[in-house]
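Just follow the structure's listing: the first ligand is 1, and inside any ligand the first atom is 1. Bear in mind the structure is a predicted one, so any value in this text is a computation, not a measurement. Numbers for residues simply follow the sequence, beginning at 1.
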Amino acid sequence: MNPVIPGFHPDPSICRVGDDYYLACSSFEYFPGIPIFHSRDLVRWTQIGNVMEQPLSVEVPSSAGVYAPTIRHHDGRFWLIVTIMTVEGPVNVLFNSTDPAGPWSDPVRLPGVPGIDPDLAWDEDDGCWVTFAGMGQVRIDPWTGENLAEPREVWNGTPGALAPEAPHLYRVGDHWYLMIAEGGTERGHAVSIARGPAPDGPFEPCPANPILTHRGTHHPVQNTGHADLVQAADGSWWMVFLAVRPRGGTPGWHVLGRETFLAPVSWVDGWPVVGEIVSGVPAGPFRDDFDLTELQPSWISVRSRPRITKERPDWLTLHARGASLDERDVAFLGHRAQHLRWRARTLIDPSHGRGGLAVRLDERHHYEIEAGDGRVQVIARIGSVRSVVAEHAVTPAPMVLTVETGEPRVPGDACAEPDTLSFGIEGSPALAILDGRYLSTEVTGGFTGRVIGMYAATGAVHFDWFDYEEL
Ligand code: 6LW
């Protein structure tokens, strides 16, 4: 059962214009921010751009930054509202564009919208409503970001439920529906809904709440929640939502972050009923030969783009800015891991610096194979422990570095890891095989997933190509 957008692509929000669907996801500390996808069938999605092409000017810890966008199309224009989580708390901003591939407008700040996970909806009188986790609601002027009234409380989900969040407000038939996530974004995650006569309620909860949850089931897809609804041109309804694919022994580890899934929705007695997941098409291989001057939109860096030059034709050169992946700013260019089993490789020339191929969760959790100064090392950083787990002398020449996942060493064991990660130089035996659980969200905490990328630790490091494929 595949996601429709595999890999760390959480908090999906969707809209339709004619036969075209557009979807936005959270991106946290990664740059550029807020990937935008396009589809014609809801199953096959292509990334067409990113909303935030400028780095944030505020301090953003890992798993803070860009949280939970809502994308809507209104009056010929796309609108995207989002929370930027900073060390000082959430800042909500609104972008607009006539082309979802970009460029998007500069962000309009919404100083009167507290909370996170803002939603956008327009009523019959063109009034623009923002509903945010808390749950609060306010009418705004979307061009200036000003509040047009005081924020008010609205339906806050099932009494006693953890973390009511991710509100989305819709007009369907005679009712306004307020759909939210609750139960927390872990195994208890769920989607609930209420309806009322007006955008601000009063709201009556659905007697069948939660309308989506996999908590306490054997389902291989868990943590289902944070959903958005869309109606197709043929009148059918669909839900996109985030979920994870945990593996290994107890308690189960998910390593790809929260991914975007799809399910059909039918309406019974005026309430949405969510069907079984529609499996997506597995992502194809990804390769970049660095022949183009523009980077493909799925390439992400940490917080901002490092200095990247094309000083050798058809190579990419990364210029170091932090001494290792332990640092907040590092010259890193990565691609999200999207399969349960995969392999990535890069051809590196480390004659002008040290650098390599890494699997990153955050500054405190990453594994990498690093070349330079006549040696290759495999380094593991797990929490406060950093260790060189293998070292090998090499002649200073270009080489292909590889990382691939493998099966748990004792499958079926209560403590079995979700996978292993094996690092090496192509054509030689693996230098190190490491336990994959330490690069899972259950260990690292936070909201992201594995990102595989090239990096520079010192000097200028040249890369001829990068490829990634499912095994
Ligand atoms: C997001 C919240 C959530 O703001 O996780 O699963 C937070 N849902 O709605 C970060 O993605």
Who are the residue neighbours of ligand 1 when the rule is a heavy atom under 4.0 Å from any of its atoms? D11, F28, Y67, A68, I116, D117, E165, T185, H189, H226, L242, R258, F447

When rounded to the nearest 0.5 angstrom, what is the spacing between CD in Q137 and OG1 in T131? 4.0 Å

For T448, check side chain to side chain donor-acceptor pair (under 3.5 Å) against everything at least two apart and list the hits. none

Counting only N and O atoms by type, is there a donor-acceptor contact under 3.5 Å from the side chain of R40 to the main-chain atoms of W45? no

Hey, is R341 close enough to E470 for a salt bridge, meaning N to O under 4.0 Å? no

Carboxylate-amine/guanidinium contact E146 R109, below 4.0 Å: no

Does the ring centre of W129 sit less than 6.0 Å away from the ring centre of W122? no

